[in-house]
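Notes follow the structure.
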Amino acid sequence: MSGLEDLYREIILDHYRSPRNRGELAVPPATRTEGFNPLCGDEIVVFLELDDAAKGDDAVITDVRIGGQGCSISQSSASMMSAAIKGHSVGAARELATSFKAMMSIHEGELEGTAADDAETSDTAGELPLGDLDALRGVVKFPVRIKCATLGWNTLLQGVDEATGT
Amino acid sequence: MSGLEDLYREIILDHYRSPRNRGELAVPPATRTEGFNPLCGDEIVVFLELDDAAKGDDAVITDVRIGGQGCSISQSSASMMSAAIKGHSVGAARELATSFKAMMSIHEGELEGTAADDAETSDTAGELPLGDLDALRGVVKFPVRIKCATLGWNTLLQGVDEATGT
Amino acid sequence: MSTADAPDAATFDVASIAADFPILGERIHGHRLVFLDSAASSQRPRSVLDAMDRYYETTHSNVHRAAYTLAERATNAMEAGRTTVARFIGAADASEIVFTKNATEALNLVARSWGAAHLGEGDAIVLSVLEHHANIVPWLQLQQTHGFEIRWIGVGDDGLLDLSDLDQLLRGSKLLSVTAMSNVIGTMPPLAELVERAHAAGALVCIDACQSVPHLPTDVRALDADFVAFSGHKMCGPTGIGVLWARRELLETMPPFLGGGGMILDVRLDGFVPAEVPHKFEAGTPPIAEIVGLAAAIDYLDAIGMDRVRAHEVELNEYALRTLPARFGDDLRIYGSHDAELRGGVMSFAFCDIHPHDLSQVLDEHGVCVRPGHHCAKPLMRVLGVGATARASWYLYNDAADIDALGDALDAARSFFSI
Amino acid sequence: MSTADAPDAATFDVASIAADFPILGERIHGHRLVFLDSAASSQRPRSVLDAMDRYYETTHSNVHRAAYTLAERATNAMEAGRTTVARFIGAADASEIVFTKNATEALNLVARSWGAAHLGEGDAIVLSVLEHHANIVPWLQLQQTHGFEIRWIGVGDDGLLDLSDLDQLLRGSKLLSVTAMSNVIGTMPPLAELVERAHAAGALVCIDACQSVPHLPTDVRALDADFVAFSGHKMCGPTGIGVLWARRELLETMPPFLGGGGMILDVRLDGFVPAEVPHKFEAGTPPIAEIVGLAAAIDYLDAIGMDRVRAHEVELNEYALRTLPARFGDDLRIYGSHDAELRGGVMSFAFCDIHPHDLSQVLDEHGVCVRPGHHCAKPLMRVLGVGATARASWYLYNDAADIDALGDALDAARSFFSI
Ligand SMILES: Cc1ncc(COP(=O)(O)O)c(C=O)c1O
Ligand SMILES: Cc1ncc(COP(=O)(O)O)c(C=O)c1O
Ligand code: FES
Ligand code: FES
């Protein structure tokens, strides 16, 4: 099961079994954003609370909660995401999302199912380190699971847009 | 060209080159009925004049004209038809049409394109003999042309229905 | 199909059947392929591929409207396919068979042609919550413009339809559209009873037979339904071909759906005259090779016998319902009825709280293909109270060893996630 | 396709191309097959049949929504096909490629989705009298419920569009939908000019590219059109597959057409949420093997080069337009332009007052396949003043010897009918 162990690293299974920031926030003041994975029908809900929405990208994410249901990959990815962005600025969260999605994006030739270990991503996104999230790198070997890994992040990007009214 | 000569008997080409009863009749008193062959888009128009429509199947077809355009098979078949029914009763024309169509109907196994020389039809239809029409027997070997041969007849059947108001 | 390809009529020899399906020789991650996803799409025997190749290599040209030999051959091949389909489902006449690209198009045709002509404000139709999206979304779409009511037959904990208020649901409705076999939990609604009660209430009946025609003998006349839809790719046929059957008188009253070549008698700048049935509903160049392939698939199934296919699947149901719960106890939850006779060869389940997608991924590592997801039946998922299930489904080429392989792979998944 | 199948890039070697097409080895009534009906449907090279067989033998399962290896392979094969099609026609992105069952469905999609949303009383669209029924009937059908005006671009004696009143026709219209190449007389309207003038008038442009994509290089971005439709079976691909291309922003604004599995994000009892493009327009199990076959066909054509395919057909146009009139004089009437560069490789003609169907029948006796009929273009037939024409059409596997064979067979027909 060597292939599988690339996908299911221990840290991923840990976040899946003990998700961080699981739950809901009161809306308002928080915003609530739903994201679907059309391939499987799973759904992630991201609750965001900012210190001051008017500050736009400089607003700080004071609290975050994750709801919905999904597989180990989507749930652990969202759990790690919540831990990584909490207490940081909207701008930093955006950069991290972009950086994470770049890590997940596979090159066209690799659509045939070959590995993509050489994905050109740096280990940090602006001020925030990828950290645990790096464990999700193995997902690119399983193209159908990439949407699982990015589901929370796409929902986050929608969420910060809604929260800051952009 | 042995196959072809089965289809294009001399009498057929003769009716094609010199169609009988070609033209139009004034409507009313005549009726005018159009028939389409959807496979090719050809059209035959049958004009019928009866002595007394109220007599139904006993009414006599006092005049008939054929209009429209089509291939040698449809034109010659309609030409022979017009010659065969003129001066006869609606009932006799119906029987002849049925009899002709039976000659043209191929058995299911023959859909693959094999011959059907043994079609179970008699040589007469009630009071009217098939006569020249027998030359069209070869058409059954060319299934796509069967609709050509029957086009005039189907139009005739519609026409007598309209003319007698059934 | 040459009779040499046909299995011995006296025994159901799965090994020799499986040998007819080239793909079943594939190896996945070093394991033999254990294909348990035929409810989504079946595999094809070599005779189907050969029939299509032969068609392209000797026969192809566009059909109808041409006089030359090749065109006649192609037309004959297509119309012979129509006759084969008609015979297979007991249709009164080949002209009652309308070819579509899949069952989904067939159901859309019913909605957009019959439905658009007959449904409006104040009208109602009845669906069940078991339905596949293909038998829901077309009606929801039509509802947006035509504003009729959709009433829903519910499903009980046993996975069976709750028919307690059926008469009330049917009262004043114009159509009952229902699956012959749930693609998720295998439920087979009592069609004879449903048809009778719907007709008594004055409603027509449309059957989504996607899961039944491939797996059971079908007789549309005995069924007395009005519309029946199914797909070729679930019954050993190619992709790209579906069928709508309807009674001829009904088809004749319906307006055309897609417009284009082949479905008209005449076109003028200010209007058109539709052709006869079934051509009225077959606009454009038809899926000719796919019709030929479907006919070859039917020949293959017919040679085996649909009653024997069904009996084999019931045996596999029994085996699975007996061995898997015995092995996994509460770790395995099988949805729907546990009576092997009451269900199709499709089994949705939950296992050890492992998400179906994760489960399928681990099973795949062992060569076992099961499908995770909502199976295009989200309303049913809500009834089951889950977002997704894992689903294993069997067909004539599966045997008890495949179900054992599923069990072994489930075991491995349990240890992998150490739950 | 392995490069071994590709013809030498330096010469256009028809014999070696023809050898790639198994059916061209067939004999008809003892003669070699002279296939001159590719405008109706082309033949397929072995590489296309092999690609589909390989798909069924190693890869098939239903696409999307599943995690196992086979499903992933099938999804990749299908999406790789989408990318191939996108590249072939110069689309900006693979998501702009919507797979349908044929061009007819693609044009119906434009009418029922975009058209139904944008056209009503007081609106107008512009068509040409050259159009195939597939680009007429969907608009006539929509007109019945939506009551807009259809304006017609006429055609002159030279077979070219009469653009003298184009600005007036376009004024206030919302769409110009026009063929890129007449399937009857080969006319190629000046698309660049039409697109520019339509856009200047505020109208979108839909191109029926059924006859151009198989025969000419296509660049939808350079063309600057809004919709482009074509079919696989006319371009060496299988039956059962068509393509609609549209700009992504346009597709995104359009409501779905067929409803069912695969085109939704969510379905509830009271409504649904459509999926992203292109999936929004692809309800039900797609024609997966057919997409694979179409991609193989494109690989085959690409290896030869579409500019060389076109150049070859222009050469055959020249040859036919030079030799046949010289041989038959007034007995032969060729419709449309007599400039080899201005037409596609399709030639409609009348011969000696012999009805096209009779002519085709006699030609077939010599192995020569030409199509008689209205070619699904009845309005154009009325302009030509005939009920039907005989039509010969050529493709990359035809050569001058085929045109000579046509001439010989015409000669024989003339004597047969002794006219
Ligand atoms: C110009 C043109 N448009 C549309 C069509 C319709 O294509 P299809 O029958 O593949 O849908 C054809 C071919 O028949 C055609 O030649
Ligand atoms: C019950 C049922 N109905 C409809 C469909 C739709 O069939 P298709 O995708 O072939 O159109 C399916 C299969 O996906 C099904 O299982
Ligand atoms: S399977 Fe649904 S998000 Fe992973
Ligand atoms: S070809 Fe039209 S009637 Fe014979």
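Quick caveat: nothing in here was measured; it's all calculated off a predicted structure. Labels below follow one simple rule: chain letters A, B, ... track the order of the sequence lines, proteins then strands, and each chain is numbered from 1.
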Residues at least two apart in sequence or cross-chain that pass ring-ring contact (aromatic ring centres under 6.0 Å, His included) with D/Phe21, listed by chain then number, are D/Tyr300, D/Tyr397

Exercise. Is the NZ atom of B/Lys147 crowded by more than 12 outside heavy atoms at less than 6.0 Å?
Worked result: no

Check the side chains of B/Asp42 and D/His357 for a donor-acceptor pair under 3.5 angstrom, ignoring hydrogens and angles. no

Check your understanding: Taking atom NZ of B/Lys86 as the centre, does the number of heavy atoms from other residues, nucleotides or ligands within less than 6.0 Å exceed 12?
Key -> yes

Residues 136-166 of chain B vs ring pair (Phe, Tyr, Trp, His ring centres under 6.0 Å), sequence neighbours excluded, gives B/Phe100-B/Trp153

For residues 55-69 of chain B against chain D, heavy atoms under 4.5 Å, the residues are B/Gln69

- If only atom types and distance count, is the side chain of D/Asp358 paired as donor or acceptor with the main-chain N or O of B/Ser72 below 3.5 Å? yes

Rounded to the nearest 0.5 angstrom, the CG-NE2 distance for B/Leu4 and D/His29 is 7.5 Å

Do the two ring centres, one from D/Phe417 and one from B/Tyr16, sit under 6.0 Å apart?
no

d(B/Cys71 SG, D/Gln361 CD) to nearest 0.5 Å is 9.0 Å

In short, salt bridge (Lys or Arg N to Asp or Glu O under 4.0 Å) pairs touching residues 126-137 of chain D with sequence neighbours left out are none

